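Everything on this sheet refers to the single structure shown next.
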Amino acid sequence: MSLHINKLWYGPRCGALGVYLCKLKLNKNDMKAHCKFLIDCNLAGRKYHDADMVWEYLRVGDKLRLEYEPNNGFDPNAVQVIYNYEGEDYLLGYLPRNNNETIAAFLQMGWNHIFDCRISKLNAAAHPEEQIHLTVRITRHSEQVSEKQQRSKSSITKR
């Protein structure tokens with residue numbers, strides 16, 4: 001799948017951020033897939049936040065939550081990377097600036113559920129900005145999948 005975003009704009013039609021996905025090329029396998037790769041990146045700002053508090057609990061494959069931070073003074077597209085351990089949220093750091101604009105736009109529009117962010121590599125011996133490596137995928141919304149499955153089952157039973 002290739003995804004090209006030609007422009008992001010603030011417009012009166014949507015009252016907020018509008019995202020034009022101008023060239024979305026999908027093949028049959030893309031339509032059947034549960035998730036698609038979006039980005040791989042190192043966690044930014046790791047040494048300035050809560051990663052040390054939960055380092056011993058972090059594991060490759062752990063799911064992380066992405067949240068847009070609208071009042072960040074350093075980056076207008078700041079996307080927080082949050083780890084939940086035993087019901088407590090810990091800010092591990094941020095998606096790097098060069099990888100956050102598109103994701104921030106979707107988060108601003110309420111599309112939080114489409115992202116699957118996981119730890120893909122941990123290296124305690126590396127420089128702090130390279131210790132936690134992330135993989136972000138776009139996932140198919142579970143309600144959309146179940147609705148499609150229900151329609152498919154009902155069409156089979158009608159035959």
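Computed from a prediction, not measured in an experiment: that's the story for all the values here. One is the number of the first residue; the rest follow in order along the sequence.
Residues Ile82 and Leu92 form no side-chain contact, since every pair of their non-hydrogen atoms from C-beta on lies 4.5 Å or further apart. At least one side-chain heavy atom of Ile132 sits less than 4.5 Å from a side-chain heavy atom of Trp55. Counting only heavy atoms from C-beta outward, the side chains of Val136 and Leu66 approach each other to under 4.5 Å. At least one side-chain heavy atom of Asp40 sits under 4.5 Å from a side-chain heavy atom of Ser120. Using a 4.5 Å heavy-atom cutoff, the side chains of Ile103 and Leu107 are in contact. In this structure, Thr135 and Leu38 have side chains that are not in contact, with every pair of non-hydrogen atoms separated by 4.5 Å or more.
Taking CG from Asn72 and OH from Tyr68, the interatomic distance works out to 8.5 Å, rounded to the nearest 0.5 Å. Taking CZ of Arg137 as the reference point, atom CD1 of Ile114 lies at 14.5 Å (rounded to 0.5 Å). Note that the CG atom of Leu43 and the NZ atom of Lys47 stand 12.5 Å from one another [nearest 0.5 Å]. Here the SG atom belonging to Cys41 is positioned 12.5 Å from the CD atom belonging to Glu130, to the nearest 0.5 angstrom. Atoms NE2 and CG, on His133 and Leu122 in that order, are 11.0 Å from each other to the nearest 0.5 Å. Note that NE2 of His113 and CZ of Phe106 are 10.5 Å apart. Values are rounded to the nearest 0.5 Å.
Under a 4.0 Å N-O distance rule, the pair Asp89/Arg65 qualifies as a salt bridge.
A donor-acceptor pair is defined here as one N or O able to donate and one able to accept, closer than 3.5 Å; no such pair exists between the side chain of Asp50 and the backbone of Met53.
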ask   = So Leu134 and Leu95, side chain to side chain contact (heavy atoms under 4.5 Å, CB included) or not? Walk me through it.
value = CA-CA 9 Å; Leu134 310 172; Leu95 290 183; 3.9 Å; yes
query = Hey, mind stepping through Thr139 and Asp116 against side-chain hydrogen bond (donor to acceptor under 3.5 Å, both in side chains) and telling me if it holds?
reply = CA-CA 6 Å; Thr139 61; Asp116 180 51; over 6 Å; no
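Of all heavy-atom pairs spanning Arg46 and Ala51, the tightest one is NH1-CB, 3.5 Å.
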Indicate every side-chain donor-acceptor pair of residues 73-81 with a distance under 3.5 Å to a residue at least two apart or in another chain.
from, atom 1, to, atom 2, distance (Å)
Asp75, OD1, Asn77, N, 2.9
Asp75, OD2, Asn100, ND2, 2.6
Gln80, NE2, Glu69, OE1, 2.9

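Under the 4.5 Å side-chain heavy-atom criterion for grouping Ile, Leu, Val, Met, Phe, Trp and Tyr, Tyr48 is not connected to Leu64 through any hydrophobic cluster.
Just one of Tyr90, Tyr83, Tyr85 meets the ring-ring contact (aromatic ring centres under 6.0 Å, His included) condition when paired with Tyr57; it is Tyr85.
In this structure, His49 has its ring center under 6.0 Å from that of Tyr94.
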